[in-house]
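Working notes, structure below.
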Amino acid sequence: MLDPKFLRDELAQTAQRLATRGYTLDVDAIAAFEAQRKVLQASTQDLQNERNVRSKSIGKAKASGQDIAPLLAEVGELGDKLDAAKAELTELLANIDAITAGIPNLPHESVPVGKDEEDNVEVSRFGTPTTFDFEAKDHVDISAGLSNGLDFDTASKLTGSRFVVMHSHVASMHRALAQFMLDKHTREHGYAEVYVPYLVNSDSLYGTGQLPKFGEDLFHTKPATEEGQGLSLIPTAEVPLTNIVRDSIIDETQLPIKMTAHTPCFRSEAGSYGRDTRGLIRQHQFDKVELVQVVKPEDSFAALEALTGHAESILQALELPYRKMNLCTGDMGFGACKTYDLEVWLPAQNTYREISSCSNMVDFQARRMQARYRAKGAKKPELVHTLNGSGLAVGRTLVAVLENYQRADGSVVVPTVLRPYMNGLEVIPAQ
RNA sequence: GGAGAGGUGGGUGAGUGGCUGAAACCAGUUCCCUGCUAAGGAACCGUACGUUAAUUCGUACCGAGGGUUCGAAUCCCUCCCUCUCCGCCA
């Protein structure tokens, strides 16, 4: 959510900046609603003041034994007028809320202006794309030669499409990857490990920006109605981790807060029917190790660089070739002010694919969550800045390892850093 | 799931219809006294929105949402959460 004052005062400028990300701000509607709001709010408060004053005088009159009947008669129609004004104001505020809650974040000035992923800007590259002196297989074919490591048929029997069952060494490598990531972030990068619920309420989803606009991307435990309090499966650990600081005022000395969690993530993938139907790339359920930081406003852009570096360090340790992209205005997520995507090299697809997305949300989520901190000596608490990033998506990392570490005989080498987590196994043998 | 008790400001905790935006204590901030590895005294000390020259004034908020009333932290209803006992269970 944007600063309502800024939105009001800099309406034209806001509209212009939002246009770069393909969002059309209804300037006229907002201006009209705001003008109404100001008048209506003032008049409603005046009515309330009058009622308070009169009620108080009734109380005093009664206490001193006077007859209060005439006073009561005077107040008669005040209540009706007040109720009407309140109702009108409530409706107006709801209308304004509906608009502002759906406005995406403003892009940072360092974000390239562009329409879609074609306009993202490559920042850096690590490693050189893996090449083979045999025809590279994709992870589905590779795993088929490894005791059916990835078993999509059984998963579709159990549940449906876009789910997977993993077997034996592949399952254990999947676990090893998550363990390795958590260990690295907690031991080397200063993140505190956190275990969180996988079901969250709608307040949490509103706080991080999934609601009210993107409810259809989530799995809900019961139909999400307007009043519904049904729980939803988390689409990312960003939701529970970030909402830990919702509705709280943090002492300055507690910042920065750096948290990491390994969780499954559940996404309905409603808008991607034909895309990535093969393999592990786009699943309804996947594991991810998430990084979240809560920082002081002046630190957030430096924190984004650091956090992205933490995610990169996993790819580097696994010696997977990747590139770092600065997302353009048109390709960024709803709440992001600036985002780096990390894209890993997938030989079979002969391309780079997203494996991590690291964003600085600045005060966008903090304002929705009312997450603030108090600086020493400051009278007013100030909104914190929040950041999050995948460190990394475990399923896609498994894909990248299988494809980049495959050998001509169908076996797959286990990356050195994972071997301690896999009982010293050096190679997953072909069947 | 059953029975009972509760949810008040950073913390503890008063407050059952008006003089309570909220006692008291602790923590915190500032000042005074004192000079020493302590203590004593005083003041300040919630958040948001609107308004103002202003820390001025106004409005709202005592788990959330409704209701009763001229007036609700206080009464009624619904929901959420916490605690105790019982049941069940990984």
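Small disclaimer: the values here were computed from a predicted structure and weren't measured. Numbered from 1 within each chain, the chains take letters A, B, ... in sequence-line order.
- Nearest nucleotide to the side chain of A/Lys38, out of B/U51, B/U47, B/G18: B/U51.
- If you check B/G6 for Watson-Crick or wobble pairing at under 3.5 angstrom, you find it paired to B/C81.
- Rounding to whole angstrom units, CD of residue A/Gln254 and P of B/G10 are separated by 16 Å.
- For the residue pair A/Asp46 / A/Ser43, no side-chain donor-acceptor distance below 3.5 Å is found, with atom types taken as modelled.
- Between the CG atom of A/Leu93 and the C1' atom of B/G65 there is a distance of 17 Å, rounded to whole Å.
- For the pair A/Asp203 CG and B/G63 P, the interatomic distance rounds to 17 Å; values are reported in whole Å.
- Taking atom CZ of residue A/Phe6 and atom C1' of nucleotide B/C49, one finds them 20 Å apart after rounding to whole Å.
- Residue A/Arg37 contributes atom CZ, which lies 8 Å from atom C1' of B/G50 at whole-angstrom precision.
- B/A48 atom P lies 8 Å from atom CD of A/Gln370, rounded to whole Å.
- Of the C1' atoms belonging to B/U69 and B/U16, the separation is 15 Å, rounded to the nearest Å.
- Shown here for A/Ser204 and A/Asn243, the closest heavy-atom pair between the two residues is O-ND2, 2.8 Å.
- In this structure, A/Lys56 places its NZ atom 18 Å from P of B/G17, rounding to the nearest Å.
- Comparing the P positions of B/U47 and B/A23 gives a spacing of 15 Å, expressed to the nearest Å.
- The separation of B/G50 from B/G66, taken at their C1' atoms, amounts to 26 Å, rounded to a whole angstrom.
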Original post:
Where along nucleotides 56-62 of chain B does protein come under 4.0 Å, by heavy atom, of base (B) or sugar-phosphate alone (S), with - for untouched nucleotides?
Top reply: --BSS--
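- Remark: A/Arg8 engages A/Glu34 in a salt bridge, criterion side-chain N to carboxylate O under 4.0 Å.
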